[in-house]
Protein chains: 2
Amino acid sequence: MSKKERQQQLLQIIDGNPFVTDRELTRQLKVSIQTIRLDRMELGIPELRERMKQMAEHSYDQVRSLPADEVVGDIVDLQLDRSGISIFEIREEHVFSRNGIARGHYVFAQANSLAVATINAEIALTASADIRFVRMVRLGEKCIAKAQVRSLAGRNGKAEVDVFTYVGEELVFQGHFVVYRSAIEEYSEGGNRSADRH
Amino acid sequence: MSKKERQQQLLQIIDGNPFVTDRELTRQLKVSIQTIRLDRMELGIPELRERMKQMAEHSYDQVRSLPADEVVGDIVDLQLDRSGISIFEIREEHVFSRNGIARGHYVFAQANSLAVATINAEIALTASADIRFVRMVRLGEKCIAKAQVRSLAGRNGKAEVDVFTYVGEELVFQGHFVVYRSAIEEYSEGGNRSADRH
DNA sequence: TACATATTAGTACCTGGTTCTAATTATTTA
DNA sequence: TAAATAATTAGAACCAGGTACTAATATGTA
């Protein structure tokens, strides 16, 4: 096996399992540990611990901003059963790496979270939605979603919420949500009201 | 400061920043490094490297299944401009930890990804959608989304796609998507066709 | 054959710890 | 107040998984 072939294999192995040690690599590639290390140098692959650290840091950033939180976006204003505003900044982890455009479901998730949070009920869940992506949202843009409750049925019924999301003055998304409100734990899209603002 | 108070502080510090070393902790808590280590022992907090490893492994699991991939769900059948089927298993990272119910935007994302992937165009993007969450989806359930293209406009125009998502025989989600297709790179919700199944 | 490239070997050193023994300080309790 | 107990600190040996560096040995090529 040539040096190039071996380095290709090494890339593949580490790509397939980033948790592999140099010692394990020597067993798989049948070369000395020094060769493995020279190869890693040439290929710019950091040591195992550094790889794990980078993965941990990367995931930590995501965890802090993302779906670890049951509400996507930061709710800055809330008048229960009336209106709400949330802010969500489009970051690296929300976009297609290819073109820096936000994945639709993040924009959707912000609006959905806000619609549900605005409804004052033990349990609120999205029943249906009618949505439109008015224009693409790019990396770094700050989405401001504004929710308006349009109608409220009884204590256990449907509520209708309109959400408009803006970047600056521009409308980027609009949605009409039908949200079920209930005191019974059945389908919780936003869950217990008291737990929303962790 | 009592031992209990210190251990509470220690928990808080590590919770706030899991990347802190014992040495940094000695500076913040003004005790010896042995005390820090005894405290970690008592509290069952692993060493920095182990913490990073766990985060990395956890995120790696997520990355493998989740939005790192630009298509949410595994497309198992695809007839461009006609129909498509994708499978998406609801895992730990897709549900509300509180009740084990899938976050709506994952169910939405699977359907959205499939609708876009089914359209045969250089660039495809979701323009609007009309969706309904028919019943909740729980941890461990396998969502099978079936897309049917209903209408196609010219090379650069709108396409309409219906997506029905099932768990077993039960319908859990339905959506009507309007997707823009274009050869011009403008708003890519699924991106270059050739890159979808990487 | 001479030279270059590739590979292997070996040593010292590093971080961020664990494990263990032992000594020193509080703090409590009899 | 003295003895007992708990809490804290010190120090040395050791570990994984490396880096950095020097030097020797293959292996191929002009």
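None of the values given here were measured: they were computed from a predicted structure. Chain naming here is simple, since letters A, B, ... match the order of the sequence lines and numbering starts at 1 in each.
On the nucleic acid side, DNA chain C contacts chain B at distances under 4.0 Å to non-hydrogen atoms, with the end points of that region at C/dT15 to C/dT19.
Side-chain contact between B/Ile14 and B/Leu25 is present, with heavy atoms from C-beta onward closer than 4.5 Å.
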Under 3.5 Å, which donor-acceptor pairs do the side chains of residues 34-41 of chain B form with other protein atoms, sequence neighbours left out?
{"from": "B/Thr35", "atom 1": "OG1", "to": "B/Ser32", "atom 2": "OG", "distance (Å)": "3.1"}
{"from": "B/Arg37", "atom 1": "NE", "to": "B/Asp22", "atom 2": "OD2", "distance (Å)": "2.9"}
{"from": "B/Asp39", "atom 1": "OD1", "to": "B/Arg6", "atom 2": "NH2", "distance (Å)": "3.1"}
{"from": "B/Asp39", "atom 1": "OD1", "to": "B/Gln7", "atom 2": "NE2", "distance (Å)": "2.9"}
{"from": "B/Asp39", "atom 1": "OD2", "to": "B/Arg6", "atom 2": "NE", "distance (Å)": "2.6"}
{"from": "B/Asp39", "atom 1": "OD2", "to": "B/Arg6", "atom 2": "NH2", "distance (Å)": "3.1"}
{"from": "B/Arg40", "atom 1": "NE", "to": "B/Asp22", "atom 2": "OD1", "distance (Å)": "3.0"}
{"from": "B/Arg40", "atom 1": "NH1", "to": "B/Ile45", "atom 2": "O", "distance (Å)": "3.2"}
{"from": "B/Arg40", "atom 1": "NH2", "to": "B/Asp22", "atom 2": "OD2", "distance (Å)": "2.7"}

Dot-bracket pairing map - DNA chain C, Watson-Crick plus G-U, both contacts under 3.5 Å, | cross-strand: ||||||||||||||||||||||||||||||
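Applying the ring-ring contact (aromatic ring centres under 6.0 Å, His included) rule to pairs touching residues 24-54 of chain B yields nothing, sequence neighbours excluded. The stretch residues 3-53 of chain A participates, sequence neighbours left out, in these ring-ring contact (aromatic ring centres under 6.0 Å, His included) pairs: A/Phe19-B/Tyr60. Sorted by first then second residue, the ring-ring contact (aromatic ring centres under 6.0 Å, His included) pairs that include residues 20-42 of chain A, not counting sequence neighbours, number zero. Within the structure, salt bridge (Lys or Arg N to Asp or Glu O under 4.0 Å) contacts touching residues 163-178 of chain B (residues at least two apart or in different chains) are B/Arg135-B/Glu170.
Applying the ring pair (Phe, Tyr, Trp, His ring centres under 6.0 Å) test to A/Phe164 and every residue at least two apart in sequence or in another chain returns nothing. Legend: residues meeting salt bridge (Lys or Arg N to Asp or Glu O under 4.0 Å) with A/Lys3, ordered by chain and number and at least two apart, are A/Glu42. Taking B/Ser83 as the reference, B/Gln79 meet the side-chain hydrogen bond (donor to acceptor under 3.5 Å, both in side chains) condition, with sequence neighbours excluded.
Distance B/Gln7 CD to D/dA7 C1': 11 Å, rounded to the nearest Å.
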Contact letters for nucleotides 9-27 of chain D, in which S counts primed atoms plus P, OP1 and OP2 and B counts the base, heavy atoms under 4.0 Å: BBB----BBBBS-------
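Clustering of Ile, Leu, Val, Met, Phe, Trp and Tyr side chains at separations under 4.5 Å leaves A/Val178 isolated, with no partner residue.
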